[in-house]
There are 2 protein chains.
Amino acid sequence: MATRAESAAVTRRSLLDAAAELLDEGGPEAVTLREVGARAGVTRGAPYRHFAGKDSLLTAVAAEGWERVGDRVQALRADPDLPASERLRGALRALIDVGRRQPHLYQLLFKPQGARGDGLERVRLQLCGPEGDPTAAVRAAGRFQDEFQAIVAALVGEADARHYGALLMTSAHGIAGMELSGHLDGDKWRTTADELVDTLVRMVSDASVTTWET
Amino acid sequence: MATRAESAAVTRRSLLDAAAELLDEGGPEAVTLREVGARAGVTRGAPYRHFAGKDSLLTAVAAEGWERVGDRVQALRADPDLPASERLRGALRALIDVGRRQPHLYQLLFKPQGARGDGLERVRLQLCGPEGDPTAAVRAAGRFQDEFQAIVAALVGEADARHYGALLMTSAHGIAGMELSGHLDGDKWRTTADELVDTLVRMVSDASVTTWET
DNA sequence: GAGTTTCAGATGACGTTGTCACCTCTTCGA
DNA sequence: TCGAAGAGGTGACAACGTCATCTGAAACTC
C-alpha cells in the first residue's frame, strides 16, 4: 500500500493541516501538540518525529502561509490584463485579506519568534536553522517581498521600487494590523482599509512622478 | 507605618513593574505569575488579589504603555517651539521607538487579546470589562489616537485629519512592526524607518494640499 | 476597648501543557 | 534473511494558570 516514507509524509501534512486549523480557530494558545496529534490521527509524541517542537511546527505553518501569499502576489504580477496600479492594489489587499480572514496566521507571519534581544539589542528572527541558514519561512517571505517589489517597480520604476516598495508594504501591514487589533474601529477615524489603500496607491504614484529626478 | 490600602497599592505597583520587566526581558511567555510574584516579594497567588488573571495583568501593563506613548505625543503637540511637520514626525517616531526599545510591549499594545472570532467573524478586542465598558487600556489607546489626530489636523486641516491621520498612524505601526519582525533587514529594501517617516510626512503634506478641494 | 468584619496574602491542590526517555513494530537495504 | 532505521506509542516530569481554602492583621462597629 503505502511505503513508510509516504505515510510519514501524509502524517506530516496532517500535522500541518491540523495545526493551521487550530491556529485559525483559537490562536497559538489553542495549538496544542496533543490536539494537533489527535486531529492528525496520532498521539502527542508523534509530532516530534517531524518537527523539533511546537515552535518549529508553527514556523512551518508560517512558511506555508507566506507561500500562499507569495503565490497570490505572483499571480497578480503575472496577470497581463491588469494595469500596474491594479496589481499594486491587489498586492496590498492580499496582505490585508490574510489579516481579515486568518488573523491568527497573520500575526504569526509577522511574529519575531524566539526573541533574543535584551534592552537595546535588536530582536532578531529565529526563523533560521542551527547553522543560521534561512529556513523555508524566511525564503517564502523573501519571495513575497520580491514579487511585491516587482509590482511596485512596474509602477514607479526600478530606482524608487525599494523605498516606495518598503513604504507600501509596511503601510499595508500597518493597516492590516490595526484593523485586526480593532484600533481602526469606532468613530475616531471614519475610514476603511480600502480607502487607505486607494490613497496610498494614488500618493505613491504622484510622489514617484514628481520626485523622479530628485 | 503603612495602612493596609497603602501596602496593597505598593504591591499592585510592584506586580505591574515586575510584569513589565519580565515582558521586556523575555516576552509574554516569560511573564509567569510565579515569577511576577517573586519579584514583587509575594507568592504566586497574590496577583489574583489585584488582577483577574494573567491576561488582566498584561492588559494593565498595556494600559500603562499606552499612557506613556500618549504622554509623549501630548508633549509633542503642546510644544510651541516645534513646527507642525516636526510634531508629526515626532509622533510617528514615538510609536516606532516603542517598537525598538520595548518590542514585546509594542506587540502587546497591538494584540487583539482574547480573540473570539471564528472564521469570518472579526476578531474583537477583549480589552473591555464584563459589561463591555472600555477599560483603562482602551481609554489610554484612545487618548493617544486623539493626540495623534490633533497633530495631523494641525498639518493637513480638520477635514483630512481623520483619513490621513489613520493613514499615518497605520503606516507608522507597519514600519514599527516590520522593523521589529526583521522584514526590513537585508539588502532587499535598503531603506530605514526614518527615511520612510520622512517620505510619509512629505507625501501627506503634498497630497493634502493638492487634494484640498476634492 | 472588645468583638466582628474584611481583605491581602500564603498554601495546597488540580488539570493542562511542552518535552524527553524509552519502548515497539514495521519497513527498508544488503 | 537479518540487522538497521525510523515512525509512532507510552510513561513521566517540571512548569504553568487557576481555584479553594486558610491565616493573620488591619479596619470598623458598638
Side-chain angles (χ1 to χ4, degrees), chain A residues 1-23 25-62 104 108 111 113-115 126 130, chain B residues 1-23 25-62 104 108 111 113-116 126 129-130:
Chain A
M1 282 270 194
T3 152
R4 184 166 62 178
E6 280 170 357
S7 81
V10 168
T11 301
R12 182 189 155 92
R13 182 95 297 276
S14 301
L15 290 170
L16 283 170
D17 290 341
E21 197 177 304
L22 286 165
L23 180 68
E25 291 175 4
E29 318 292 317
V31 180
T32 292
L33 287 187
R34 283 163 168 83
E35 182 64 22
V36 167
R39 294 206 183 186
V42 293
T43 56
R44 64 188 188 277
Y48 287 92
R49 286 289 139 193
H50 302 271
F51 305 95
K54 184 180 177 180
D55 286 349
S56 176
L57 172 60
L58 284 176
T59 296
V61 172
H104 295 298
L108 181 64
K111 181 185 173 194
Q113 302 188 20
Q126 198 211 15
Chain B
M1 281 267 193
T3 152
R4 184 166 62 175
E6 281 169 356
S7 82
V10 168
T11 299
R12 184 189 154 90
R13 183 97 294 275
S14 300
L15 290 170
L16 283 169
D17 290 341
E21 197 178 303
L22 285 166
L23 180 68
E25 291 174 3
E29 318 294 317
V31 181
T32 293
L33 287 188
R34 285 162 167 84
E35 182 63 22
V36 167
R39 293 206 185 187
V42 293
T43 56
R44 66 187 186 278
Y48 287 92
R49 289 287 141 192
H50 301 271
F51 305 95
K54 182 181 177 180
D55 286 349
S56 176
L57 173 60
L58 283 177
T59 296
V61 171
H104 295 298
L108 180 64
K111 180 186 174 194
Q113 303 189 19
R116 297 255 177 275
Q126 197 209 14

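Letters A, B, ... are given to chains in the order of the sequence lines, protein chains preceding strands, and every chain is numbered from 1. Nothing here was measured: the structure is a model prediction, and the numbers come from that model.
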Q: Where each residue is assigned the nucleotide of DNA chain C containing its nearest heavy atom, which of B:Arg49 and A:Pro28 is assigned the position nearer the 5′ end?
A: B:Arg49
Q: Give me the atom names and distance for the closest heavy-atom approach of A:Ala18 to A:Ala40.
A: CB-N, 4.4 Å
Q: Atom CG of B:Leu22 to atom P of D:dC16: distance rounded to whole Å?
A: 11 Å
Q: Taking only side-chain N and O atoms of A:Tyr48, does any of them lie within less than 4.0 angstrom of OP1 or OP2 on C:dT19?
A: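 So the side-chain polar atoms of A:Tyr48 do come within 4.0 Å of the phosphate oxygens OP1 or OP2 of C:dT19, strictly under.
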Q: Rounding to an integer number of Å, can you tell me how far B:Lys54 NZ sits from C:dT16 P?
A: 18 Å
Q: Hey, is the side chain of B:Thr11 poking within less than 4.0 Å of OP1 or OP2 on C:dG9, counting only N and O atoms?
A: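 For C:dG9, OP1/OP2 do have a side-chain N/O of B:Thr11 under 4.0 Å.
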Q: Please state how far atom CZ in B:Arg34 lies from atom C1' in C:dT16, giving the value in whole angstrom units.
A: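 Atom CZ in B:Arg34 sits about 12 Å away from atom C1' in C:dT16.
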Q: Tell me: CZ of B:Phe51 to P of C:dA8, nearest whole Å?
A: 12 Å
Q: Please test A:Arg39 against A:Glu25 for salt bridge (Lys or Arg N to Asp or Glu O under 4.0 Å), starting from the C-alpha separation and ending with a verdict.
A: CA-CA 13 Å; A:Arg39 294 206 183 186; A:Glu25 291 175 4; 3.1 Å; yes
Q: Whole-Å distance between C:dG15 C1' and A:Glu35 CD?
A: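 For the pair A:Glu35 CD and C:dG15 C1', the rounded distance is 16 Å.
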Q: Kindly give the heavy-atom pair with the smallest separation between B:Phe51 and B:Ala60, and that separation in Å.
A: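 Reported closest heavy-atom pair: CE2-CB, 3.7 Å.
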Q: Using a 4.0 Å heavy-atom cut-off, does A:Thr32 contact any base of the nucleic acid, only the sugar-phosphate backbone, or nothing at all?
A: sugar-phosphate
Q: Please classify the nucleic acid contact of B:Val31 as base, sugar-phosphate, or nothing, using heavy-atom distances under 4.0 Å.
A: sugar-phosphate
Q: Atom CG of B:Leu15 to atom P of D:dG17: distance rounded to whole Å?
A: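 My rounded result for the distance is 13 Å.
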Q: Given C:dC28, is OP1 or OP2 found less than 4.0 Å from the side-chain N or O atoms of A:Thr3?
A: yes
Q: Take the protein atom CG of B:Leu33 and the nucleotide atom P of C:dA10, then report the distance between them rounded to whole Å.
A: 14 Å
Q: Is any side-chain N or O of A:Arg44 under 3.5 Å from a base N or O of D:dG9, one able to act as donor and the other as acceptor?
A: no
Q: Take atom NE2 of A:His50 and atom C1' of D:dA7, then tell me their distance rounded to the nearest Å.
A: 6 Å
